[in-house]
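See structure below.
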There are 2 protein chains.
Amino acid sequence: MPRPPSAMRRQILDSALRLFAEHGFKGTSLHDIAVEARCSKASLLYHFAGKDAILTELLTPPAEALSAMGEELAALTGGQAVEAAVTGYVGLAMRFHLEVKIIFAELPDMLGHPVLAVIPRAVDQLAAALAGRRDEPRARVAAQMVIGGVAVTVAADVDAEPATMRDELVRGALRTLGHPTGLS
Amino acid sequence: MPRPPSAMRRQILDSALRLFAEHGFKGTSLHDIAVEARCSKASLLYHFAGKDAILTELLTPPAEALSAMGEELAALTGGQAVEAAVTGYVGLAMRFHLEVKIIFAELPDMLGHPVLAVIPRAVDQLAAALAGRRDEPRARVAAQMVIGGVAVTVAADVDAEPATMRDELVRGALRTLGHPTGLS
DNA sequence: GTCAGCTCTGACCGATCGGTCAGCTACGGT
DNA sequence: ACCGTAGCTGACCGATCGGTCAGAGCTGAC
């Protein structure tokens, strides 16, 4: 039965991603994942060092992408930074919407996780860019509202075309930030 | 030693609220609460029927308040509904910010909880009011962004005066919704 | 044919979980 | 002085958790 070298590995990751997003990391047991992936619990631990290793492998890509975006944003200023931050963040959030759900669901513990150690710095850079490098409460609160609003909206099951969703998220975020735009 | 009739009960609730908000419901054990409240685990279960009963008692007030707000909003229309929804929701979120954190942290499971059974209806009413009774994707996405943005911002530890925070949350939400206002 | 090695599994382990129970202590009513 | 009862606790319970281990089953190299 164990034919393709590592099809099971991918299947475990897919199942874990779905279950973590739906029930949270702590709310999902290795048994749950094994049932979903149609293998034994011991098989999970043959492919992965432990439950935590599965999470790490799932969250590494979005963490690296967010970190890279943070560094790029740090080089921009003013209006350029705001627009790049909004479009970049919305794109990332949509691409990794299940991972976003996992991270936001257990934020405090996740931030203590090694693989997500880069997040505070990246989020600071993102927030600073969204705030247009301004430090007034208005800009800081608005930036935080965008970060949360986009994440929650993407994680929720709003029925809308991805393209429409993306467009409206960007417009909505720019409105929140009070950023002037050619459109309404 | 057990002098005041029920000081321990309050202390258990306070400790549980703090710990649930910080580590999540599933991430907090009865032992953790007992240590924080400086009593035995068995004492917790003398005062409360179980871990779930503690959560129920903590979440009942915000659930009832949200439900009541939803019904009030259902009676309003257009611009009135939008403004009432924004100020009402921001007020509720700030008053119950720790409870909001608990609910948002484990949303899927929380929505299955009996005491929060009223939430979907209330949130639908809130979203409809925020969207100004309009059904276009733009209004629906913006409403969802406000719901998430306010909740996450209030749950995060943004250092700002409560009055300022409240003011900026309301203004930010109205900007997100594209709702015209006399101020910037 | 046979042997080495990768994949996978059932049985099992200690730790921790939420919850139960018998009983101790101290106070208020009589 | 006695007792009922409310408040509280240590000891204990079964279930479930993440994780270990010896070995079965299959495959490709020789």
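Residue numbers start from 1 in every chain, and the chains themselves are labelled A, B, ... in the order their sequence lines are given, proteins ahead of strands.
The side-chain heavy atoms of B/F48 and B/R9, taken from C-beta on, include a pair separated by under 4.5 Å.
Only at 4.0 angstrom or more do the heavy atoms of residues 109-117 of chain B sit from any atom of DNA chain C, so none qualifies.
Residue pairs that meet the side-chain hydrogen bond (donor to acceptor under 3.5 Å, both in side chains) test with at least one member in residues 148-160 of chain B, sequence neighbours left out, are A/R140-B/D159. Listed by first and then second residue, the side-chain hydrogen bond (donor to acceptor under 3.5 Å, both in side chains) pairs that reach into residues 126-135 of chain A come to none, sequence neighbours excluded. Residue pairs meeting the salt bridge (charged side-chain N to carboxylate O under 4.0 Å, His left out) criterion with at least one member in residues 85-94 of chain A: none, sequence neighbours excluded. For residues 100-109 of chain A, the salt bridge (charged side-chain N to carboxylate O under 4.0 Å, His left out) pairs, not counting sequence neighbours, are A/K26-A/E106, A/K26-A/D109. The stretch residues 60-74 of chain B participates, sequence neighbours left out, in these side-chain hydrogen bond (donor to acceptor under 3.5 Å, both in side chains) pairs: B/E71-B/R121, B/E71-B/Q125. For residues 20-41 of chain A, every residue pair satisfying the ring-ring contact (aromatic ring centres under 6.0 Å, His included) rule, not counting sequence neighbours, is listed here: A/F20-A/F25.
Listed pair B/S43 / D/dG7 fails the phosphate criterion, with no side-chain N or O lying under 4.0 Å from OP1 or OP2. The side chain of A/H47 contributes no N or O atom lying less than 4.0 Å from OP1 or OP2 of C/dC6. Not one side-chain nitrogen or oxygen of B/Y46 sits closer than 4.0 Å to the OP1 or OP2 atom of D/dC8.
Between B/R9 atom CZ and D/dA6 atom C1' the separation is 14 Å, expressed in whole Å.
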(request) Heavy atoms under 4.0 Å is the rule here; annotate nucleotides 17-22 of chain D 5' to 3' with B where the base is hit, S where only the sugar-phosphate is, and - elsewhere. (result) SBBBB-
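With a cut-off of 3.5 Å on both Watson-Crick or G-U wobble distances, the partner of D/dC30 is given as C/dG1.
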Would you give me the side-chain donor-acceptor pairs under 3.5 Å for residues 89-99 of chain A, sequence neighbours excluded?
| from | atom 1 | to | atom 2 | distance (Å) |
| --- | --- | --- | --- | --- |
| A/Y89 | OH | A/I147 | O | 2.6 |
| A/H97 | ND1 | A/M94 | O | 3.4 |

